[in-house]
Structure formats: structure tokens, C-alpha cells
Amino acid sequence: MVGPTASGKSELALEAARKLPDIELVSMDSMQIYRGMDIGTAKPTRAEQAASHLHLVDVVDPWETFSVKRFQHAARAAVHDIEARGKRALLVGGTGLYVQSVIDDLRFPGEDLELRRSLEAEAAEPEGLHAAYERLQRLDPTAAARIDSGNTRRIVRALEVIELTGKPFSSFGPGLRELGSATVFPVQLIGLAFPASVLNARIETRVHEMIDTGLVDEVEGLRSEPRGWSRTARQAIGYKEVDAFLGGDEPTLESAIDRVIKRTRSFARRQRAWFARDGRIEWFEVGKNSGETRSRILASWGAV
RNA sequence: GGCCGGGUAGCUCAGUCGGCAGAGCACGCGCCUGAAAAGCGCGGGGUCACCGGAUCGACGCCGGUCCCGGCCA
């Protein structure tokens, strides 16, 4: 079950797990992975987690870095484990790449952080980035055609893979768009959709609730952690903006909150765009008659 | 009341010597294979406060009006 943030996925999934004892939940969320990042990631409560057999929440500490590759292993293991016990796994979450890494045949070539750092240093300057892109065009024209010339992140990664493996980056997969429709195990894909205006209002409400329930304190705690706060964890929306406020880079809490709301809206838009291109997803409009729609979904899974 | 600074995109502001109106953010659309709540591309949007003048040509120069901020009285 996929959909943009604040579309009510978790709530519906928790209800499913409550009504259908053979269902266990597997979170498809890149930020609920981190322990101690609870409020800003809208994590279910401990009680809800236990009652729903929620997997892949709180698996690493905030000072650890995490990756799609690790997620892929852990999530597939969780699904196999659930199914081996004769139960059904309900995968729920809004991190598009993570979902596809689990259900589709994505194979991630290795990584070399040392090499990556030197490539990043090269690409930091505009001329260096230009040179890097030209090298990519020469070494792997197919990959270069799929990557924008200004996208440092992806140019660096492509060159890293080429130098590390001696093979073209594009030889490791056809690109997400060209992946076949067959998943690696049987999956039914459904999406929850809201009209943008309704979703935006829900996002605004939710952000204010996060502040009211102690997001600032939570961020303060993470900031004072001596073991640090990893590159991957600290980019969570809500956290980085409040962190900027506490660090003095954002003038007021109000302006930080405003940024959180805007970043979340923009994130929801990107989620919509990501999932929209996946023709396998069956969409449910939950803006109106949401109760009825939700009941219909639950009934299709066997709820009375 | 006097002096000075300002009024340009939804917001914050650039705009050289008078020559087709710009950026960042926001908004809309799209891309995406080991950071993905990340990263990136494209697009719509303007009575340049208003009125008049000189000029082939004004956001820019001249005169006036209105509004905002500061200093002086």
C-alpha cells in the first residue's frame, strides 16, 4: 500500500492488522527506520507497533547511515519470514525507491566511499562537474543520457560504479522505468490518493501537531547525542529545519515550521509523481467517502 | 512640514551607459538503481506604484502625485 505522506496509509494498515490477525505490517519508510525519530516521522506508537507486528521500524540508530541495499535485504527477509509462518505481509509506506527495491528485481552494484569522496571533491566545482559528466558520456553514453548534466549526486554514483566494477553503470539495470511489470514475488499494489488541496491541508495540520507534541525536544535530543546524527538520518523533513532553527541558521521557529510544511508538500508531490508512473498500482480516492473506500479495501483483504 | 532612502513576479530582492524584464524561494509538470523525506530538469506567472513630459526608443532621464521606512523639526 503506497501513497503520499499524510494520506492515511499507516492508519489503514494498522486497522487491517487489527481486524485481520494473519496480516503483519512491513514499513516501506526510509525515516521510520531510525530509533528515536518518532514524532517527525509520524511513527505508530509502541502499542500500535506491537499489536500490528510492525517490521522495519526502529532498526538502526540515528548516528548510523542506512541505504536502499540494506533495506532491500531486511525487507525481503521480513516478508519471507512472515510468509514462512503462513501469514500475509502488508507492505506499507511512501518511499518509492524502497518499495521497488523490495518487489522489483533491482540489483545494486557495490559502493566505494573513498572513491565516492574523491569524485565528489572533483564535482564540487562547476568545471569539475562538467568534466565528470563528459567522462560519463564517454564511458557510458546510455547512463549519461538518463542523467541530467547538473545532477552531481547521480553522476558521481554512476562514475563510482564504473570505476569500481569496470562495467558500465547502465549494465546493472534497465532503469526504473523500463523494469518489467513482473515483481519478484506475488504482490497486489494499491495506492491511496487525495486531492492535492485536501492533502495539503492535512499536511499543515499534521506538522503543527508534530510541533505541539514535542518535535523540537526530540530534535534537541538528537543534536546533543555524542555519537552524532548520520548524514542519512538528519535529512528527514521536519528534523533538518528544526535543527537549523536550533543551530541559529533559521531565524524563528515559525519560519522553520513554514519550511517544514512547504518541504512536506513538495515531497508529497514527488511521491505522487513517482507512484503515478507505476501502472501496476490500483488507486483509491480517499478524499470523499473515505470510510466506504477504506472498508472496501479492508473487505477485499477478508475483513468483515 | 523638511531632508534622505525605497515601491520591479505570490514573497525577498537584482537590474551596468536609455536598446526584447532577471534570480532565489513559492507554485505547476516531469525525471530517478547503494544519501531517495535525497538529488535533478522543464514551465507558467509582470500595467517595473500612478499621471504627464523630453527621446527613434524609458524600469532607468525630467516634472508632479500617492504609499512605505528612517532622520530632522
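Every chain is numbered from 1 and lettered A, B, ... according to where its sequence line falls, protein lines coming before strand lines.
Residue A/Thr152 places no side-chain N or O under 4.0 Å from the OP1 or OP2 atom of B/G39. Under 4.0 angstrom from either OP1 or OP2 of B/A36 there lies at least one side-chain N or O belonging to A/Gln235. The shortest distance between the side-chain N/O atoms of A/Arg116 and the OP1/OP2 oxygens of B/A35 is below 4.0 Å.
Partner assigned to B/A35 is none, using Watson-Crick or G-U wobble distances below 3.5 angstrom. Judged by Watson-Crick or G-U wobble contacts below 3.5 Å, the nucleotide B/G19 has B/C56 as its partner. Searching all strands for a Watson-Crick or G-U wobble partner of B/G30 with both distances below 3.5 Å returns B/C40. With a 3.5 Å ceiling on both atom-pair distances, the Watson-Crick or G-U wobble partner of B/C50 is B/G64. The partner of B/C71 is B/G2, by the rule that a Watson-Crick or G-U pair needs both atom distances under 3.5 Å.
Look at the P atom in both B/A9 and B/C59: the space between them is 14 Å, to the nearest Å. Nucleotides B/U47 and B/G69 have their C1' atoms positioned 25 Å apart, rounded to a whole Å. Annotation: B/G52 and B/G19 have their P atoms spaced 23 Å apart (nearest Å). Straight-line distance between the C1' atoms of B/C25 and B/G45: roughly 14 Å, to the nearest whole Å. B/C61 and B/C48: their C1' atoms are spaced 15 Å apart (whole Å). Rounded to a whole angstrom, the distance from the P atom of B/C27 to that of B/G10 is 15 Å. For B/A23 and B/C56, the P atoms lie 33 Å apart once the distance is rounded to whole Å. A gap of 14 Å separates the C1' atoms of B/A58 and B/G15, to the nearest Å.
Atom pair A/Lys262:NZ and B/A37:C1' shows a separation of 18 Å (rounding to whole Å applied). Straight-line distance from the CZ atom of A/Arg270 to the C1' atom of B/G39: 8 Å, rounded to whole Å. Between A/Gln72 atom CD and B/A36 atom P there is a gap of 14 Å when expressed in whole angstrom units. Between the CG atom of A/Leu136 and the P atom of B/C40 there is a distance of 16 Å, rounded to whole Å. For A/Asp243 and B/A37, the CG to P distance is 19 Å, given to the nearest whole Å. Here B/C40 presents its P atom at 7 Å from CZ of A/Arg153, a figure rounded to the nearest Å. To the nearest angstrom, C1' of B/A36 lies 12 Å from CZ of A/Arg231. Here the C1' atom of nucleotide B/A35 and the CZ atom of A/Arg117 are 13 Å apart, to the nearest Å.
Nearest-nucleotide positions on RNA chain B place A/Glu111 closer to the 5' end than the other of A/Asp148 and A/Glu111. Positionally, the nearest nucleotide of RNA chain B for A/Arg272 lies more toward the 5' end than for the other of A/Arg272 and A/Phe66.
The residue A/Arg70 sits apart from the nucleic acid: no heavy atom pair falls under 4.0 Å. Using a 4.0 Å heavy-atom cutoff across all strands shown, A/Tyr239 reaches no nucleic acid atom at all. Among the atoms of the strands shown, base atoms are found under 4.0 Å from some heavy atom of A/Gly40. As judged by a 4.0 angstrom heavy-atom cut-off over every strand, A/Thr232 is placed among residues touching the sugar-phosphate backbone only. At a threshold of 4.0 angstrom between heavy atoms, the contacts of A/Asp29 include nucleobase atoms, whether or not backbone atoms are also involved. When heavy atoms are screened at a 4.0 angstrom cut-off, A/Glu241 is found touching no nucleic acid atom at all. Residue A/Phe71 is out of contact with every strand shown, counting any heavy-atom pair closer than 4.0 Å. Using a 4.0 Å heavy-atom cutoff across all strands shown, A/Gly173 reaches at least one base atom of the nucleic acid.
Comparing atom distances between the A/Thr41 side chain and each of B/C27, B/A36, B/A37 picks out B/A37 as nearest. Across B/A37, B/A35, B/C27, the shortest atom-to-atom separation from the side chain of A/Lys240 is found for B/A37. Closest to the A/Arg269 side chain, of the nucleotides B/A37, B/A36, B/G30, is B/G30.
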Inset, instruction - For side-chain hydrogen bond (donor to acceptor under 3.5 Å, both in side chains), just list the numbers for A/Glu64 and A/Ser230, CA-CA rounded to whole Å, side-chain angles, deciding distance to a tenth of an Å, and then say yes or no. - result: CA-CA 5 Å; A/Glu64 295 178 63; A/Ser230 77; over 6 Å; no
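Between A/Tyr239 and A/Trp229, the ring planes are perpendicular. Angles over 60° get that label, and only those under 30° would be called parallel.
The pair A/Glu15-A/Lys19 meets the salt-bridge criterion, since a charged nitrogen lies less than 4.0 angstrom from a carboxylate oxygen. The pair A/Arg46-A/Asp58 meets the salt-bridge criterion, with a side-chain N (NZ, NE, NH1 or NH2) lying under 4.0 Å from an Asp/Glu carboxylate O.
With contacts defined as side-chain heavy-atom distances shorter than 4.5 Å, the pair A/Glu122/A/Leu129 does not qualify.
A/Gln32 places no side-chain N or O within donor-acceptor distance of the main-chain N or O of A/Asp29, the cut-off being under 3.5 Å.
Side-chain atoms of A/Ser290 and A/Thr293 include no donor-acceptor pair closer than 3.5 Å. Side-chain N/O atoms of A/Thr5 and A/Arg206 include a donor and acceptor closer than 3.5 Å.
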